[in-house]
Amino acid sequence: MDKMRMRTNNIVKSNIDAICGLFPNCITESQDCNGETVKAVNFDLLRQMLCEQEIEGKEIYEFTWVGKKKAVMEANKPITKTLRPVLDESINWDTTGNVYIEGDNLEALKLLQESYLKRVKFIYIDPPYNTGSDFVYKDNFHMSASEYDEKGGLIDEEGNRLFRNTDSNGRFHSDWCSMIYPRLMLARNLLRDDGVIFISIDDHELDNLKKICDEVFGSSNFVANMIWQSTAGSNTGTDIVTVTENILIYTKKRSEFTFDGMLSDGGCYSLSDEYEHERGKYALDKLDRRRVAGHYSEALDYGIEMPDGTMRYPGGGSEKSTEGWNYLWSKTKVQWGIENGFIEFKETNGKWNVYNKRYADIDNEGNPIERTVPFRNLIPSDQCNTAQGTAELRGLFGFRPFDFPKPSGLVKRLLLTAVRRDKEAIVLDFFSGSASTAQAVMQLNAEDGGNRKFILVQFPEKIAEGSEAWENGYSNICEVGKARIRKAGAQISSEMQACAVDTGFRVFRIDTSNRNDVYYAAGDYTQNMLSLLESNIKPDRTSLDLLFGCLLEWGLLLSMPYTSERVDGCTVHNYNDGDLVACFDEDIPVSVIKEIAKRKPLRAVFRDSSFDGSPAKINVGEIFKMLAPDTRVKVI
Ligand SMILES: C[S@@+](CC[C@H](N)C(=O)[O-])C[C@H]1O[C@@H](n2cnc3c(N)ncnc32)[C@H](O)[C@@H]1O
């Protein structure tokens, strides 16, 4: 129910609304004295609208919105958070190369900057479309608790205030732009030079997204706006029915990227000959073409002897044509083609013609070839549609756990355009929702024996009470996403009998730093705070938390093999066979330090508090200098 306003009408607002009715192009967004974004009038433009002469003033080409500078700063602002492994929610922790991160994707993207810098080949995102209530972001604006409640705020598990961007919110487009801009900036850093990003969006923010992408990725990296007919649409009403969504495609570096093309289904190769087993079926192409002026070649205008002994010239005559016809192949190549079964003569209505055979599996020089056709920028709804996305989830869960999931077939199709041949590609989706992208990656790997890995990020957004997911015991979207990967993984493994497909995933949760970040002035300590001083590490952190915190800082991937073993009573962690060896036990004996050093790991890390004083620390340094001088040693 709307609340009584209990005050007089806002006349300025009514005036702006009136101008908006007359000159909608002159309405923009601005901040009021409380820092709130509100509708405002672009007076320069309004003056120009009311003046026949050109109004003086500096013009620059730029795309901006309220909060843009802050959004740029947001991307660069460092954070002290970390990723904590969640073993009991993970599947095949030791062997999997897939990663599922629970938390805000801005923080996740920041945390991945070292480890995944220029390592991601393919990003697919399906951000909230800003349709009125789908967009949740952390509240950076100062608002009192009661004001906040009034505005329908939400609180996440860490007590952070979240806010839904609704239609009535004056900050509508600006907020969405400020949300997406820093995320795309950070995502771009993660892309390999031959990487590509696909972004789903409907018409609400398409133009803003395109301008932001042009700025972040460079307009020369724009590839296409792929139109997906997501639904057949309804036949009721008189309004225009929108049945499409957009998928914007940008490369990191256009010159470095090649699309894979769609494997030809062989439909046009229907003829067979004695070479079929090695060359596949074939189609016939006429060997001559009419050339426009500059393209005519005298050397390609010659006669070929037909099976009845007559001569055939390009264009079909028994003599040279005067209309600029050529054969496509040289005389020598035609001779080679006749001898090797690449040329066919055919008689039609008493007239002989010459064709070259285009085989499905080899080119016209006899080399093996993969025949493809380019993808179009149109995906019709009979190939994949929204209803399939919902049916797919219903099939896995037995109910509808998530609204409007993308069909995994759509994501698989996008994967095929860009990573069909790159079977080791890292695939990232940082608005992962119900985890359609994970299913698409696993499915494609099962079909073609690939080893592509996924990284998914999803905010643990609360599920609405009373929804089907809620009724079935799911309280946030991460729970749905993880359950979907488990269910889809099991289905794919059983259907394809593809035991080799990696259907596991390591779960990480974004949390505060592993380090104690409470600093007190000397006189502020009380007796019961002394335990805090013993260690600079938070008491609830496990050694695995510390290990993964170090990995992030050292730029190691989160999905590498990990083992641990006991050495002289201490636990020694070994990440990716010596990329990093760590021991976080208290009072580590010299024998353990020596054992670690003897293995000459690339990096070694210990806990500062593991050594009771600086001489012990110096001792560690000396041991490594002697036994493993190339190892980089650090303490946390
Ligand atoms: C349109 S849905 C994606 C649906 C997904 N493609 C699928 O097929 O299920 C967008 C998702 O992004 C999530 N999201 C929104 N803001 C986020 C943020 N800041 N960090 C992480 N996830 C976020 C939402 O909770 C929602 O699940």
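We count ligands from 1, going down the list as the structure has it; atoms in each ligand are counted the same way. On a predicted model such as this, the values are computed, not experimentally measured, just so you know.
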Which segment of E392 sits under 4.0 Å of ligand 1 when only heavy atoms are counted: neither
Check ion pair D511-K81 (N to O, under 4.0 angstrom): no
Interatomic distance, N445 atom CG to R452 atom CZ [nearest 0.5 angstrom]: 5.0 Å
N or O pair under 3.5 Å between V457 and ligand 1: no
Ligand 1 N/O within reach of N105 N/O, cut-off under 3.5 Å: yes
For G103, atoms of ligand 1 separated by under 4.0 Å from a heavy atom: 20 (N), 21 (C)
S436 N/O to ligand 1 N/O under 3.5 Å: yes
Distance (rounded to the nearest 0.5 Å) between I426 CD1 and K121 NZ: 11.5 Å
Residues E205 and K210 bridged, charged N to O under 4.0 Å: no
Side chain, backbone, both or neither: K406 near ligand 1, heavy atoms under 4.0 Å: both
Worked verdict on Y124 versus D429 for side-chain contact (heavy atoms from CB on, under 4.5 Å): CA-CA 5 Å; Y124 170 68; D429 180 348; 3.9 Å; yes
For E461, the ligand 1 atoms whose distance to one of its heavy atoms is below 4.0 Å: 24 (C), 25 (O)
Salt-bridge criterion met for D502 and K453 (N-O under 4.0 Å): yes
N-O pairing of R183 and D104 below 4.0 Å: yes
Atoms of ligand 1 close to S434 [distance to a heavy atom under 4.0 angstrom, numbered from 1]: 7 (C), 8 (O), 9 (O)
Which segment of I477 sits under 4.0 Å of ligand 1 when only heavy atoms are counted: side chain
Nearest-option assignment for atom 10 (C) of ligand 1, heavy atoms, candidates D126, L393, V480, L109: D126
Distance-only polar pair, side chains of S219 and D214, donor-acceptor under 3.5 Å: no
Per-residue contact class, S200 against ligand 1 - non-hydrogen pairs under 4.0 Å: neither
Close approach of S432 to ligand 1, heavy atoms, under 4.0 angstrom: yes
NZ/NE/NH1/NH2 to OD/OE distance under 4.0 Å, D422 and R192: yes
Part of F402 with heavy atoms under 4.0 Å of ligand 1, whether side chain, backbone, both or neither: side chain
Any R183 heavy atom less than 4.0 Å from ligand 1: yes
